[in-house]
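A note on names: the letters A, B, ... follow the listed sequences, proteins ahead of strands, and every chain is numbered from 1. Side chains included, hydrogens not; waters and symmetry mates left out as well; all remaining heavy atoms used.
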Amino acid sequence: MRELRGKGWRVTGYFVWMLGAGVVLDSNAAGTGGLLLAAGAGLFGVGLWQSLRGDGGQQ
Amino acid sequence: MSRPQFALLNLGLIFGAAFIGMRLYWQSHPQAGAGKGSRLLSARVRAWYFSNLDPFEEWMVRAGVRPIALTYLQGVSSIACALAYAGGLIYTAGFLVLFTGTLDILDGKLARHIGGASSRGAFLDSVIDRYAEFAGYVGLMVFFSAGWRVWLVLLALLGGMMVSYTRARAEGLGVPCEIGWLQRPERVVLLGFGSIFSSIATHLLGGQQGLLVATLALLAVLANATALQRIAHVSRRLNGTSHA
């Protein structure tokens, strides 16, 4: 999955964050929503870190 | 943190990250506005959004994913979207509208990349697009079933279907018809962000999804106006020609 390094993981994290926010706002499943939010933020952070290090496939 | 506070924070993060991403992309790609755009979705915004999908396109090419698989996934996502609207999960439904639209872009990009843009694929893609759009509105009809607002949903659905039908019929008669204010990408963006904003506004201010109703009213007016623009355009082009 080298193609996703950098921008790919940032975009994936962004979408997962949005989904988690939807779960938190629309339902009472705060645990599931919180997990998705954390996963989204983590993926976004990994993608950002890869981009800043310059080893992202797509900037 | 309370839900209204979280809604506000989420709004800032989502749009802040997108805004920064757009600015950085435009700075590094000053020629990005050269393509095709519209009043609602400029060529620069389209170029930025398409660029975000490039890594996925490359990964799918390497993994051997077929465009038709994305088209089917789009169908599944639209059913989930309908269920979310029907269940009153407006933010999630708005997200799924945007996700389904993104899959629609990605399957076309992937097909062009691998040189596999077949007539069968194009046909299935456009048919599933219609079902996907219809599914979302069916969910909205269930959500608004008791009241006058269901008529707005019906009018917006009619407009969306007529925009697509006029183009398909015109192109069947040999007249290019990719014109009008509210083509499918614009409708997806309006309904998706309209739903997300509406859910956040309802958490912050209370009420009953007033922003979603306003979005549906806008869609109902502009989609039907687009269909009328197309009817006028094709009528002018075909005036005086005979149908074999």
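Figure legend: A/Arg5 and A/Trp9 shown without cation-pi pairing, the cationic atom not lying both under 6.0 angstrom from the six-membered ring centre and within 45 degrees of its axis.
Counting only distance, with no hydrogens or angles, the side chain of B/Ser199 and the backbone of B/Ile196 share no donor-acceptor pair below 3.5 Å. Not one N or O on the side chain of B/His113 forms a donor-acceptor pair closer than 3.5 Å with the backbone of B/Lys109. One N or O on the side chain of B/Ser51 and one on the backbone of B/Trp48 form a donor-acceptor pair closer than 3.5 Å.
No side-chain donor-acceptor contact under 3.5 Å links A/Tyr14 and B/Asn52.
Of all residues in residues 15-22 of chain A, those placing a non-hydrogen atom less than 4.5 angstrom from a non-hydrogen atom of chain B are A/Phe15, A/Trp17, A/Met18, A/Leu19, A/Ala21, A/Gly22. Contacts of residues 23-36 of chain A with chain B at a heavy-atom distance below 4.5 Å involve A/Val23, A/Val24, A/Leu25, A/Asp26, A/Ser27, A/Asn28, listed in sequence order.
Taking CG of B/Leu103 as the start and CG of B/Leu98 as the end, the distance is 11.5 Å to the nearest 0.5 Å. Separating the CZ atom in A/Phe44 from the CG atom in A/Leu48 is a distance of 5.5 Å, to the nearest 0.5 Å.
In this structure, the portions of B/Phe56 lying under 4.5 Å from any heavy atom of chain A include both its backbone and its side chain. In this structure, chain A has a heavy atom under 4.5 Å from the backbone of B/Ile90, while its side chain stays farther away. Neither the backbone nor the side chain of B/Thr202 comes within less than 4.5 Å of any heavy atom in chain A. For B/Ala18, the parts sitting under 4.5 Å from any heavy atom of chain A are the backbone and the side chain alike.
Residues forming a salt bridge (Lys or Arg N to Asp or Glu O under 4.0 Å) with B/Arg23 (at least two apart in sequence, or on another chain): none. With sequence neighbours left out, A/Thr12 forms a side chain to side chain donor-acceptor pair (under 3.5 Å) with no residue at all.
Salt-bridge formation is not detected for the pair A/Lys7/B/Glu57: no Lys NZ or Arg NE/NH1/NH2 atom is positioned less than 4.0 Å from an Asp or Glu carboxylate oxygen.
B/Phe15 has its ring centre less than 6.0 Å from the ring centre of B/Phe197.
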